Protein chains: 2
Amino acid sequence: MTKTKSSAATIRDVARQAGVSVATVSRYINHNAPVSAEVAARLETVMVELHYTPQANARSLATHRTHTLGLLMVDIAGDFFPPLLSGIEAVTYENGYDLLISSIREPERRRTFPLPVGPHNTDGLLVFADSLDAEGMQRFAASHFPLVLIHRSSPEGLIIPCVTVENKAASCTIVEHLIETHNRRRILFLQGPGEQEDSQWRELGYREALEKHNIPFDPALVAPGNFDRVIAYHSMQQLLARGVIFDAVFTGDDEAAVGALMALNEAGITVPDAVSVAGFDDQRMAPFLTPPLTTVRAPTEEVGRVAAQQLLSLIRTGQANPLTLLPTEIVIRCSCGCNS
Amino acid sequence: MTKTKSSAATIRDVARQAGVSVATVSRYINHNAPVSAEVAARLETVMVELHYTPQANARSLATHRTHTLGLLMVDIAGDFFPPLLSGIEAVTYENGYDLLISSIREPERRRTFPLPVGPHNTDGLLVFADSLDAEGMQRFAASHFPLVLIHRSSPEGLIIPCVTVENKAASCTIVEHLIETHNRRRILFLQGPGEQEDSQWRELGYREALEKHNIPFDPALVAPGNFDRVIAYHSMQQLLARGVIFDAVFTGDDEAAVGALMALNEAGITVPDAVSVAGFDDQRMAPFLTPPLTTVRAPTEEVGRVAAQQLLSLIRTGQANPLTLLPTEIVIRCSCGCNS
DNA sequence: CCGGTTACTGTAACCGGTTACAGTATAGCA
DNA sequence: TGCTATACTGTAACCGGTTACAGTAACCGG
């Protein structure tokens, strides 16, 4: 311990202490050139003694790589993100990268560049849903900055790798379940936010199921759910007040299902006897609702893992799959009328 | 657009294009020295034209500040983290900092330094619960690296600012509620992980409530819950199989409450008629359990906000409150016997 | 009119790593 | 023996910012 300065040891301190040049130290650290066994041993000792850790900034500056992935999201809270984040984080660290997260929460989504996360501090970006507009993507794409989109597709004219889940087929299947198994014909749809792609695909699945069974699409049976508990609740109340007749509800997501169940319950309408209910996402609360919710399970953690892997591949090789569509499965509980 | 090189513009490009020196550009960017109005205008134009963004690494290297906060956690998944993370992230960005997150998930918690996050890439660290052992903290503290602990207290001999919630008083209050309002006397306690401080405080609160009402503490009424659904479920099954008599259950957290409710339900024991149940945390699913769970609400997002604020204060001024204890409140639903 | 302050600007060193290039020593081979 | 390939090491330039220091011009008070 010859060092008493309060600041941390640098590579030059290590070099001096071990009696070698900084180049040798660097080579030993990065294992990119042979270093004699005795020098290696000496360096190892000195490094632990000095608690030496290479400074990330200096390294990035020299190599032009930050070894950091960025994640751009809309809102961290909510049931949806933990598994997504967990998957992303896992892959990120398995590959020795850091993860910088940033959420866009301003009311009017600011696109004021520079974003908190970008080429200036990361090697690539994971972009969730509509946390970045087409112009922003265009801008990144123009400078060939690696981008992978999660739960959305490339904007017009750009080819950016996307990772998402199969929304339409699963929606169709679950609605068909309501029709075929439970004989429902007037099925409400509480749609998600209009700009959300998941939402759009789920509506298409809903329509396809109706079509397959020759049930005419009735606009009166569609109302806003917005992936939001209270909005769905109010939509439901209004529909009931207007006396709209229906025998089932398919909600854009589980949050909306919660709101729908509350409204139905308050109105004294029994689920699933009078009305079947089905959601989408299989959030953690789904099995605990009354009745337990029939819904669609999406492999969200896997989406995170795959997205991070694709981004790393894009960074390292310049190659990534244009589209990864992960399978979903419907989980039948009681709210549709089964198991009761 | 004179620039055609694919790499991003540097400060020298901006300087050349605007006909000034790099020092002037830097000063304009950082507003730390006067720059003439006309030069300022010219720089503004050039900067947007070149899409110039100062590179974070180079800046950090020169200033010795990363403008990045690190977060060390145990496990990202679970209901608990989203609000915590949300609070941390909000404050971090309000202050122009970046957030680097890292979770320690290895079976045997590796303490192999360097951690993925530390002085080499951040200005300070938020440490959640036991994601870092005493030795690790000692090490950071020795080099005066800013640290703020979340949901745990300083290890012996160190003074590190802590932010957590009032566990004991709330536990005592909710157990007293079971005793006073619902006349319960044989109250099970499903304890959390032994090393978790929250868990320990909650047990102390439980014991204090018993003591206040002259109910002797009975070790037979304590079983492992581990903040885990299935462990609590099995503990409960065993207690029932052994024929232990009880009229209420206080679980270390809501996860354990879910397991307890499942076991009770399967055994045909009605809640809250035969047995009252109370949890802790007020997780998102709590109101949807059957019956809706009486529990304690902790201001988790606020914990995140305050912790980040304290860390920033520590970084900027060297000062922070040794201990911030945020208030909790009990939320009475039905599982205790109220509102039914 | 002069000395001193203020407003603004430029030059160049520096932060802590990486790496191109140059060099030495030894081994292998004819 | 000489010649080349290989193993290992060092010097110094470079990455893209910041900032100490120096310098010029305008302004201000007496």
Side-chain angles (χ1 to χ4, degrees), chain A residues 3 5-43 46-47 50-68 98 114 118-123 143, chain B residues 3 5-43 46-47 50-68 98 114 118-123 143:
Chain A
K3 200 153 180 8
K5 293 247 302 290
S6 69
S7 64
T10 74
I11 197 172
R12 286 169 230 267
D13 295 320
V14 176
R16 188 175 335 115
Q17 188 94 351
V20 297
S21 74
V22 292
T24 302
V25 180
S26 176
R27 287 192 269 254
Y28 171 67
I29 292 171
N30 299 298
H31 303 104
N32 53 11
V35 166
S36 75
E38 58 172 338
V39 167
R42 209 153 6 119
L43 282 175
V46 173
M47 282 173 53
L50 258 44
H51 289 160
Y52 174 69
T53 308
Q55 202 163 302
N57 312 313
R59 192 186 287 224
S60 303
L61 184 56
T63 58
H64 299 280
R65 324 193 77 239
T66 62
H67 274 266
T68 300
D98 286 341
H120 60 288
N121 55 7
T122 57
D123 290 343
S143 58
Chain B
K3 200 156 181 9
K5 293 248 303 289
S6 69
S7 64
T10 74
I11 197 172
R12 287 169 228 269
D13 295 321
V14 176
R16 189 177 332 115
Q17 188 94 350
V20 297
S21 74
V22 293
T24 303
V25 180
S26 176
R27 286 192 270 253
Y28 171 68
I29 292 171
N30 299 297
H31 302 104
N32 53 12
V35 166
S36 75
E38 59 172 339
V39 167
R42 212 163 352 129
L43 282 174
V46 173
M47 281 173 55
L50 259 45
H51 289 160
Y52 173 69
T53 308
Q55 202 163 302
N57 312 313
R59 193 186 285 225
S60 303
L61 184 56
T63 59
H64 300 281
R65 323 194 77 239
T66 62
H67 274 267
T68 300
D98 286 341
H120 60 287
N121 56 8
T122 56
D123 290 343
S143 57

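Keep in mind that what you see is a predicted model, and the values were worked out from it rather than measured. Throughout, a chain's letter reflects where its sequence line sits, starting with A, and its residues are numbered from 1.
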*Hey, what do you get for NE2 (A:His64) to CG (B:Asn57), rounding to the nearest 0.5 Å?*
10.0 Å
*Atom CD1 of B:Ile11 and atom CD of B:Gln55: how far apart are they, to the nearest 0.5 Å?*
11.5 Å
_Protein-to-nucleotide contact annotation, 5' to 3' order, nucleotides 9-19 of chain D [B base; S sugar-phosphate only; - none; under 4.0 Å, heavy atom]_ = BBBB--BBBSB
Sequence neighbours excluded and cut-off under 3.5 Å, please list the side-chain donor-acceptor pairs for residues 21-29 of chain A, or say none.
from: A:Ser21; atom 1: OG; to: A:Ala23; atom 2: N; distance (Å): 3.4
from: A:Ser21; atom 1: OG; to: A:Thr24; atom 2: N; distance (Å): 3.4
from: A:Ser21; atom 1: OG; to: A:Thr24; atom 2: OG1; distance (Å): 3.3
from: A:Ser26; atom 1: OG; to: A:Asn30; atom 2: ND2; distance (Å): 3.4
from: A:Tyr28; atom 1: OH; to: A:Glu44; atom 2: OE1; distance (Å): 2.5

_For the CZ atom of B:Arg59 and the CG atom of A:Leu61, what is their distance to the nearest 0.5 Å?_
13.0 Å
*Going by heavy atoms in the side chains, are B:Asn121 and B:Thr68 under 4.5 Å from each other?*
no
*Nearest 0.5 Å, what's the CZ-OG1 distance between B:Arg16 and B:Thr10?*
7.0 Å
_Let me test you: for the helix from C:dC1-D:dG30 to C:dA30-D:dT1, what is the angle between the axes at its two ends (five pairs each), rounded to 10 degrees?_
30°
*Working to the nearest 0.5 Å, report the span between OG1 of A:Thr122 and CG of A:Asp98.*
11.5 Å
